[in-house]
Chemist: 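Okay, handing you the structure first.
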Protein chains: 2
Amino acid sequence: MLTYTEENYLKAIFQLQEDEKGKISTNSIAERLSTTPATVSDMLQKLAAKKMVNYLKYYGVSLTAGGKKKAINVVRKHRLWELFLYEKLEFNWDEVHEIAEQLEHIQSETLVQKLYDFLGKPKTDPHGDPIPDEEGVFPDLNTIPLAVVAVRKDAIVIGVSDHRPDFCNTYKRLV
Amino acid sequence: MLTYTEENYLKAIFQLQEDEKGKISTNSIAERLSTTPATVSDMLQKLAAKKMVNYLKYYGVSLTAGGKKKAINVVRKHRLWELFLYEKLEFNWDEVHEIAEQLEHIQSETLVQKLYDFLGKPKTDPHGDPIPDEEGVFPDLNTIPLAVVAVRKDAIVIGVSDHRPDFCNTYKRLV
DNA sequence: AATAAAATTTAGGCAAATCTAAAAATTAAT
DNA sequence: ATTAATTTTTAGATTTGCCTAAATTTTATT
Ligand SMILES: [Mn+2]
Ligand SMILES: [Mn+2]
Ligand SMILES: [Mn+2]
Ligand SMILES: [Mn+2]
């Protein structure tokens, strides 16, 4: 069983790996989790002992298959809860992230499954991020970055990458 | 800000105080929380330092006004989540308690308020226990113990006091 | 290739929450 | 009123997660 903190590390490494690809540095994890590199070093050794990450001292870290599975499950829970808060409880989209940071750690596989059904097996969260299915497979949303859309071509914005309240609060969600 | 553990202590003391009235013993808390009296002693001193309990060494403990308020809020959250799980996610009534033990610690007053509204400002949880309102006031349900009902008199069972899965699972909820 | 800079790890400490074993205080029984 | 039993607290350890400061290793620059 992983602790709250360990889950946050796995999620952070997973999300860093999506951009940076390959091995992730101690410093980048520290920055993302607002902690110190020393603390990260410590934790990486614990996660390596639990076979959640491949870790070679001084040369960065990557998730094992098991670690990736756990990480994806946390992401899944985070996004399902965000959608629940937004759709069912009528939170604004700038308020959901912070609460989902807590809810993503609730332990109950049945709960995730029932929440998923309750929300109608959704494919995206309120920020437009894909929600993995029960197998951990992300839906293909066929999206491209706004910066890449051709001049004078129509496009629909379906999501943003920044989830911070101050950013989200600047824009309204139309749907 | 109280920790997860501190909240559990306050809730336990509150619920013990409902039966036993007056000062609560170290041992009874230890038993309820499945921990040791030594651990409880430690914690009571911390809670006393935070003005959450009135504590006189060797002579038991009681909640301060502030401690009681926190305790009631945890109870409120616990019961609201139980009802959510039962009514909205279609959990059986024997499954909700354990998950609510986790959910009751999610920090967000807005969330509690929105959940309360979403559930229609309910007065009881799936086990028939009263849900305090936003002011911490418990609804008066006008109930009496089944053992006290007069012979040949009709009565409606609206709740049980035992929330453990093995007990609840023995009976079906009809409503 | 040697040195400087940056990144990373180790060492030593601290707070929270837990335990067991020992000491102290209270309560119950002669 | 002593003594015995029970309850409670203290002492000393352990684990987890975090920190700062120092040491080490890698990477970049002359
Ligand atoms: Mn988010
Ligand atoms: Mn989190
Ligand atoms: Mn319950
Ligand atoms: Mn709890």
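Proteins get letters first, then strands, A, B, ... in listed order; numbering begins at 1 in each.
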Chemist: Run the salt-bridge test on A:E6 and A:K50 with the 4.0 Å N-O cut-off and return the result as yes or no.
Modeler: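 Answer for the salt bridge query: yes.
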Chemist: Would B:K114 pass as a cation-pi partner of A:F91, given that its NZ or CZ must be under 6.0 Å from the six-membered ring centre and within 45 degrees of the axis?
Modeler: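 Here B:K114 passes the 6.0 Å and 45° test against A:F91.
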Chemist: List for me each residue that meets ring pair (Phe, Tyr, Trp, His ring centres under 6.0 Å) alongside A:F84, sequence neighbours excluded, and say none if there are none.
Modeler: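 A:W81, B:F84.
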Chemist: Measure CG/A:L2 against P/D:dT16 and give the value in whole Å, please.
Modeler: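 Computing the A:L2:CG to D:dT16:P distance gives 12 Å.
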Chemist: Without decimals, in angstroms, what is the distance between B:I29 CD1 and D:dT9 C1'?
Modeler: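 Between C1' of D:dT9 and CD1 of B:I29: 14 Å.
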Chemist: When every nucleotide of nucleotides 22-28 of chain C is labelled 5' to 3' by its protein contacts under 4.0 Å (heavy atoms), B for base, S for sugar-phosphate only, - for none, what sequence of letters results?
Modeler: --BSS--
Chemist: Give the nucleotide from the list D:dT9, C:dA17, D:dG17 with an atom nearest to the side chain of A:K46.
Modeler: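 The nucleotide sitting nearest to the side chain is D:dG17.
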Chemist: Could A:K68 and A:F14 be counted as a cation-pi pair, given that NZ or CZ must be under 6.0 Å from the ring centre and within 45° of the axis?
Modeler: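 Not satisfied by the 6.0 Å and 45° rule.
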Chemist: Using atom CG of A:L47 as one end and atom P of D:dT16 as the other, report the distance to the nearest whole Å.
Modeler: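 Taking atom P of D:dT16 as the reference, CG of A:L47 is at 12 Å.
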Chemist: Tell me, please, which residues at least two apart from B:K121 pass salt bridge (charged side-chain N to carboxylate O under 4.0 Å, His left out).
Modeler: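 B:D117.
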Chemist: Once you round it to whole Å, what is the distance between P of D:dC19 and CE of A:M43?
Modeler: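 Whole-Å distance recorded here is 11 Å.
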Chemist: Can you find a side chain N or O atom of B:T3 that sits less than 4.0 Å from OP1 or OP2 on C:dA17?
Modeler: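 Yes, such a contact exists.
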Chemist: Atom CD1 of B:I99 and atom CD of A:Q107: how far apart are they, to the nearest 0.5 Å?
Modeler: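 Nearest 0.5 Å value for the CD1-CD distance: 11.0 Å.
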Chemist: Assess whether atom CG of B:L146 is packed by more than 12 heavy atoms of other residues, nucleotides or ligands within 6.0 Å.
Modeler: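 No, because the 6.0 Å sphere around CG of B:L146 holds 12 heavy atoms or fewer from other groups.
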Chemist: Short question: side chain of B:T64, backbone of B:M52 - any donor-acceptor pair under 3.5 Å?
Modeler: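 Indeed, once roles are kept as given, a pair shorter than 3.5 Å links the two residues.
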Chemist: Send over the distance from A:L56 CG to D:dT24 C1', rounded to a whole Å.
Modeler: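 Taking atom C1' of D:dT24 as the reference, CG of A:L56 is at 15 Å.
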Chemist: Which nucleotide in the set D:dT9, C:dA17, D:dG17 lies at the smallest distance from any side-chain heavy atom of A:T5?
Modeler: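 My answer, after comparing the listed nucleotides, is D:dG17.
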Chemist: Do the side chains of A:E101 and A:K11 get close enough for a salt bridge, i.e. N-O under 4.0 angstrom?
Modeler: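 Salt bridge: yes.
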Chemist: List in chain and number order the residues that pass salt bridge (charged side-chain N to carboxylate O under 4.0 Å, His left out) with A:D133, two or more places apart in sequence or in another chain; answer none if no residue qualifies.
Modeler: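 If we apply the salt bridge (charged side-chain N to carboxylate O under 4.0 Å, His left out) test to A:D133, skipping adjacent residues, there are no hits.
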Chemist: Could you list by number each residue of residues 31-42 of chain B showing a heavy-atom separation from DNA chain C of less than 4.0 Å, or answer none if no residue does?
Modeler: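 B:T35, B:T36, B:A38, B:T39, B:D42, in order of number.
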Chemist: Between B:R76 and B:E104, is the closest basic N to carboxylate O distance under 4.0 Å?
Modeler: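 Judged by the 4.0 Å cut-off on N to carboxylate O distance, B:E104 and B:R76 do not form a salt bridge.
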Chemist: Just to be sure I understand the geometry, which residues of residues 14-28 of chain B put a non-hydrogen atom under 4.0 Å away from DNA chain D?
Modeler: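 Close to the strand are B:S25, B:T26, B:N27.
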Chemist: Roughly how many Å is it from CD in B:Q45 to C1' in D:dT10, rounded to a whole number?
Modeler: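 After rounding, the gap between these two atoms is 9 Å.
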Chemist: A:L44 has an atom CG; how far is it from atom P of C:dA7, in whole Å?
Modeler: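 To the nearest whole Å, that distance equals 16 Å.
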Chemist: Grab the NZ-C1' distance between A:K50 and D:dT15 for me, whole Å please.
Modeler: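 These atoms are roughly 11 Å apart.
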